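Remarks on the structure that follows.
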Amino acid sequence: MRSAGPAPAAAARRRRHWTRRPNRLAGLGSVLWLAVVIVPIYAMITTSLTRQDEALGKNALTPPADPTLENYGTVLDNGFGHFLLNTALAAAAVVAIVLVLCVPLSYVAVRTRGFWSGAAFRLFLLGVAIPAQAVVIPLYLMIAKLDLYDSLLAVVLPTAAFAMPVSVLILTGTLRDISEEMYEAMALDGASPTRMLFQLVIPMAKGGISTVVVYAALQAWNGFLFPLIFTQSDGPRVLTLGLFNYVSQFGVNIPALLASVVLSGIPIFAVYLVARRALVGGLMGVGGK
C-alpha cells in the first residue's frame, strides 16, 4: 500500500507558500489610505508656509516658491502660547483625574464579584451612551452653583467625567488579561489588595494605562463644547476656542489659520508617537478574556 506520508508534507508546504504570498490588495488599500491621510496634511503645511497674497491663487499641493515662517509668527504673537499652556494644563489634569479614579475602579470591578462592584461598573458603562450635548444645561447649572464658571476647572471636570466610562472599559479589558495565578502567588506571599494594585496590576497594565492616557489627553485637547459653554474670558481659553476665534480674526488670512492648526497638532502628535505601541496593545486588550 502506498505511504500517505508525503501528501501531508506537500500540503503543508503549499500552505506555507500561501501564507508567504504577498497580499497585494491589502497593500494597495494601505497605500490609498496613506494618501488620504498624508495629502491633506501636506496641503495644510505647504499652505501655512505660503504668503497670504499667494495662497488664494496657487494649487494647495504646489510647494511654495518662497517659503516663509511669517504666518507662524503672526499666530504666536496673537495669544497662541497662552492657549497652548491652558490646553496642556487641562489635558494633564484630565489625565491625572482619570488615572487616579479609573485604575482602582477597574481593579475592583475585575477582582470583586459583589453586587455593588458590578452595579458601579454597569453605571460607568451607561455613561458611554450619554452624549455631552444632552446634559450640558444641567452641567452649566452645576458649574454655576459651584462658582467654577469661567475657570479652567469648569473645562477639566466635565471632560474627565465623560472620559471615564471608556477609560474604565479599556482598563477592565486589560486587567482581565492578568492571570489568576499571579494574584494567587502574591496572596500567598501575604500581599494586600493595595500592594497587588501597585506592584502587580499597574506594571502589568501599562498598555491599557497608556491607551487611557492618550484617549483622555485627546478628549481634553480636542474638546470644544465645554470650553465654549463654560468659559467666557481670555484667561481660561484653550486651543480649540482660540482656533475658533482665529477663524474670524484670520478669516481672510488662510495661511495663518492653517499655521495655528499645525502648531496645535504637534504636541498631541508627539504624545501619540511616544505611546503608539502601548496604545495599540491596550486597544487589542479591550475585549478582555
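From a predicted model like this one, the values you see are computed outputs, not experimental measurements.
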- Task: Give a yes-or-no answer on whether the side chains of N71 and S48 include a donor-acceptor pair shorter than 3.5 Å.
- Result: no
- Message: Membership question, hydrophobic clusters at under 4.5 Å side-chain separation (ILVMFWY): are V201 and V100 in the same one?
- Response: no
- Item | Heavy-atom pair with the smallest gap, counting every atom of P255 and T50 | CB-O, 3.3 Å
- Going by heavy atoms in the side chains, are W221 and P267 under 4.5 Å from each other? yes
- Item | Members besides L34 in its Ile/Leu/Val/Met/Phe/Trp/Tyr cluster (side-chain heavy atoms under 4.5 Å) | I38
- Task: Could you check if a side-chain atom of L49 sits within less than 4.5 angstrom of a side-chain atom of L69, using non-hydrogen atoms only?
- Result: yes
- With a cut-off of 6.0 Å (strictly less than), are more than 12 heavy atoms of other residues, nucleotides or ligands near CG of D189? yes
- What one should report as the nearest heavy-atom pair of I130 and F162 is O-CE2, 3.5 Å
- Qualifying residue, where the test is side-chain contact (heavy atoms from CB on, under 4.5 Å) with T172 and the options are I170, L175, V168: V168
- Query: In Å, rounded to the nearest 0.5 Å, how long is the span from SG of C102 to CG of L169?
  - Reply: 11.0 Å
- Message: Within the structure provided, determine whether V212 and V103 are in side-chain contact (heavy-atom separation under 4.5 Å).
- Response: no
- Task: Spell out, yes or no, whether V155 and V136 are grouped together once hydrophobic residues are joined by side-chain heavy atoms under 4.5 Å, including indirect joins.
- Result: no
- So how far is it from M186 CE to L197 CG, rounded to the nearest 0.5 Å? 10.0 Å
- Which is it for F230 and L225 under the side-chain contact (heavy atoms from CB on, under 4.5 Å) test, yes or no, and what are the steps along the way? CA-CA 8 Å; F230 300 147; L225 179 64; over 6 Å; no
- Note on the structure: Heavy-atom closest pair (T240 atom, P227 atom, distance to 0.1 Å) is OG1-CG, 4.3 Å
- Note on the structure: Tightest non-hydrogen contact, residues Q232 and R237, listed as O-NH2, 3.3 Å
- Task: Determine whether L105 and L101 make a side-chain contact, defined as any pair of heavy atoms from C-beta on separated by less than 4.5 Å.
- Result: no
- Task: Report whether M44 and V36 are members of the same hydrophobic cluster (ILVMFWY, side-chain heavy atoms less than 4.5 Å apart, transitive linking).
- Result: yes
- Task: Find the distance between CD1 (I229) and CG (L241) and round it off to the nearest 0.5 Å.
- Result: 10.0 Å
- Message: With rounding to the nearest 0.5 angstrom, report the CD1 to OG1 distance, I254 to T47.
- Response: 8.5 Å
- Message: When you group the ILVMFWY residues by side-chain heavy-atom contacts below 4.5 Å and let the links chain together, are L157 and V135 in the same group?
- Response: yes
- Message: With heavy-atom distances below 4.5 Å as the criterion, would you say the side chains of M182 and L200 are in contact?
- Response: yes
- Message: Give me the atom names and distance for the closest heavy-atom approach of S264 to L239.
- Response: CB-CD1, 3.8 Å
- Measure the shortest side-chain to side-chain distance between Y183 and M196 over non-hydrogen atoms and say whether it is less than 4.5 angstrom. yes
- Item | Linked hydrophobic residues, V31 as query - side chain contacts closer than 4.5 Å | none
- Item | More than 12 heavy atoms from other groups under 6.0 Å of CZ on F224 | yes
- Message: Can you tell me how the ring of Y140 sits relative to the ring of Y149, calling it parallel under 30°, perpendicular over 60° and tilted otherwise?
- Response: perpendicular
- Message: Any non-hydrogen side-chain atom of V238 less than 4.5 Å from a side-chain atom of T231?
- Response: no
- Query: Once you round to the nearest 0.5 Å, how far does NE2 of H82 lie from CG of L85?
  - Reply: 7.5 Å
- Task: For T46 and A43, indicate whether the former's side chain and the latter's backbone hold a donor-acceptor pair under 3.5 Å.
- Result: yes
- Message: Holding to side chain to side chain donor-acceptor pair (under 3.5 Å), I want the full list of residues that pass it with S192, two or more places apart in sequence or in another chain.
- Response: none
- Message: So, using side chain to side chain contact (heavy atoms under 4.5 Å, CB included) as the criterion, who are the partners of I41 when residues are at least two apart?
- Response: V37, I45
- Query: Do L258 and V39 share a hydrophobic cluster (ILVMFWY, side-chain heavy atoms under 4.5 Å, transitive)?
  - Reply: no
- Query: Does any N or O in the side chain of Y42 come within less than 3.5 Å of the main-chain N or O of L61, such that one atom is a donor and the other an acceptor?
  - Reply: yes
- Task: Report the residues that fulfil side chain to side chain donor-acceptor pair (under 3.5 Å) with R111, sequence neighbours left out, ordered by chain and then residue number.
- Result: E180
- Message: So, taking the atom named CE in M164 and the one named CD1 in I97, what distance separates them when rounded to the nearest 0.5 Å?
- Response: 9.0 Å
- Note on the structure: Nearest heavy-atom approach of A129 to P131 is O-CD, 3.3 Å
- Task: Take L243 and F83 through the side-chain contact (heavy atoms from CB on, under 4.5 Å) test and state the conclusion after the steps.
- Result: CA-CA 9 Å; L243 293 177; F83 302 152; over 6 Å; no
- Message: Between F226 and I143, is there a side-chain heavy-atom distance shorter than 4.5 Å?
- Response: no
- Grouping ILVMFWY residues whenever side-chain heavy atoms fall under 4.5 Å, the cluster of L32 otherwise contains L28
